[in-house]
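Mind looking over this structure? Questions follow.
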Protein chains: 2
Amino acid sequence: MTTSTVEDYLKCIYQAEQRSSGLISTGQIASALQVAPGTATAMMKTLADSGLITYEPYNGVRLTGAGSKLAAHVLRRHRVVELFLVEVMGMSWSEVHGDAEILEHAVSDRLLDRMDDMLGKPSVDPHGDPIPSPRGVLREKEYPTLLTCPLRASLRVARVTDQSAEFLKLLERHGVMPGNAIEVESREEAADTVTVKPSGGKAFTLGCRAAGAVQVEPNSGKQA
Amino acid sequence: MTTSTVEDYLKCIYQAEQRSSGLISTGQIASALQVAPGTATAMMKTLADSGLITYEPYNGVRLTGAGSKLAAHVLRRHRVVELFLVEVMGMSWSEVHGDAEILEHAVSDRLLDRMDDMLGKPSVDPHGDPIPSPRGVLREKEYPTLLTCPLRASLRVARVTDQSAEFLKLLERHGVMPGNAIEVESREEAADTVTVKPSGGKAFTLGCRAAGAVQVEPNSGKQA
DNA sequence: GCGATGATTTTGACATGTCAAAATCCTAAA
DNA sequence: TTTAGGATTTTGACATGTCAAAATCATCGC
């Protein structure tokens, strides 16, 4: 039986593998999950014994096929649930992450299928994060961020890669959400800021760390 | 922190207290939750230490105010979730119990409130079980069952007190669900059976144990 | 009043997941 | 090549929740 703790570790490793290639270190996992280093090491042995990861002591960890599939399913549950909470339950995208973090371990396959149907088999969640397919395949697209995109061009927000409720609320107030049109007015290297103008809204300024969490694509005119 | 195991024990004691008055025995709790007797005893000490029950060794257990309130909240979550799964998610009343058993420990207050609103602050779940109020008050009504109600009278199904999926599916096939009209055609003491005629359906026969799980009220003509 | 019987509690053990701190390993710099 | 420093693993401990089996209790029937 796969416990919800195991699911959390797998999801964490899976997402680390998306970002970087090669082995994932136990220290990385420990700090991501906020547990002591030794705790992560112990769990790596457990996961390796279950055939969910390959573990090279002192080197790091990699998901096996089985582990990867399981992790993708957890991530799928998380993201479908988030979208459900926003679209069907009318919750704000800034407050659904915590709920989804719990529900991703509690939702049955049957229920997940119903949600997926009601949502029309969606491919991205409210933050623009792609939803793994039922078979466990995840297709990540590469987008420029507010730090790397062209200035004064018409853009569409594609994805926001920071789940902090306060940050999301701020973006929401300014209308910076996936699908919406914006443009970057200016970047001030010295001040470490980027100034963004939402279409039909007032320009505002973000620090570079925050700006790096907003991914955009050229506004081709399609999409609402 | 109240774990989901603790919630299960509290809910179990709460429901036992609804049925019988006086102390609830640890043996009763153990068999209801399918754990060894010693396990239940150990948990009773834990609950007593947390001030959720009063525990008289060898005699039994009773919920304190705090315990009762917590248990009512768990039951409320369970029943609101069940209704949500049927009304919003379109699941069958015969298959929601298992999902609700898990989700009752995973749903946040915020999410529960949203469900409650979407459902119009309902007072009973799909099986006719009353839903505790947000403040933790439960109002149980007494109904006759198919074993005790008048013969050949127009009745309305009020409540079904057996969560077995197979049983519920059978009732559903015959249209015996809360709100629907039925009458009892006959009782055969010798054969241990009751024959029921759903309005607009074919008569069928239940054993007395099953019939005792169907509660009815006189059909006053109101309700669909 | 005294057992026998059935329920309850105790005991010792195990599985999971966690931590702090000690021991070990790896690597990069001198 | 050697070693210092940072990361990783090991160790011993704890908290929860569980079981089987032994010990204990309570009460009913004689």
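So that the names make sense, note that chain A is the first sequence line, chain B the second, and so on, each numbered from 1. Computed from heavy atoms alone, side chains included, the values below leave out hydrogens, waters and symmetry copies.
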**Rounded distance (Å) that lies between atom P of D:dT10 and atom NZ of A:Lys45** = 4 Å
**Item:** Heavy-atom side-chain proximity of A:Leu63 to A:Tyr14 below 4.5 angstrom
**Value:**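 The answer is yes; the side chains approach within 4.5 Å.
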**Item:** Nearest-angstrom distance from the residue atom CG of B:Asn59 to P of C:dT8
**Value:**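 Going from CG in B:Asn59 over to P in C:dT8 covers 10 Å.
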**Request:** Verify the contact: side-chain N or O of B:Thr26 to OP1 or OP2 of C:dT9, cut-off strictly under 4.0 Å; return yes or no.
**Result:** yes
**Message:** Could you tell me if the side chain of B:Met118 sits less than 4.5 Å from the side chain of B:Val88, heavy atoms only?
**Reply:** yes
Extract from the structure each pairing of a protein N or O with an N or O of nucleotides 15-18 of chain D at less than 3.5 Å, listing the distance.
residue: D:dG17; atom: OP1; partner: B:Thr3; partner atom: OG1; Å: 2.6
residue: D:dT18; atom: OP2; partner: B:Tyr9; partner atom: OH; Å: 3.2

**Prompt:** What is the distance from CD1 of B:Ile29 to P of C:dT9, rounded to the nearest Å?
**Reply:** 10 Å
**Prompt:** Pick one: which of A:Lys11, A:Arg77, A:Arg79 meets salt bridge (charged side-chain N to carboxylate O under 4.0 Å, His left out) with A:Glu101?
**Reply:**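 One option only clears the test, and that one is A:Lys11.
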**Prompt:** Hey, are B:Glu17 and B:Arg62 close enough for a salt bridge, meaning a charged N less than 4.0 Å from a carboxylate O?
**Reply:**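 Salt bridge absent between B:Glu17 and B:Arg62.
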**Asked** Rounded to whole angstroms, how far apart are OH on B:Tyr58 and C1' on D:dT27?
**Response** 14 Å
Show the atom names and distances, to 0.1 Å, of all donor-acceptor pairs under 3.5 Å that link a side chain in residues 44-56 of chain B to residues at least two apart or in another chain.
residue: B:Thr46; atom: OG1; partner: B:Ala42; partner atom: O; Å: 3.3
residue: B:Ser50; atom: OG; partner: B:Thr46; partner atom: O; Å: 3.0

**Message:** How many whole angstroms separate atom CD of B:Gln28 from atom P of C:dA7?
**Reply:**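 Nearest whole value for this atom pair: 12 Å.
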**Request:** Look at the aromatic rings of A:Phe84 and B:Phe84 and report parallel, tilted or perpendicular, splitting at 30° and 60°.
**Result:**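 Rings of A:Phe84 and B:Phe84: perpendicular, over 60°.
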**Request:** Classify the nucleic acid contact of A:Thr41 as base, sugar-phosphate or nothing, counting any heavy atom under 4.0 Å across all strands shown.
**Result:** base
**Prompt:** What is the distance from CG of B:Leu23 to C1' of C:dA7, rounded to the nearest Å?
**Reply:** 15 Å
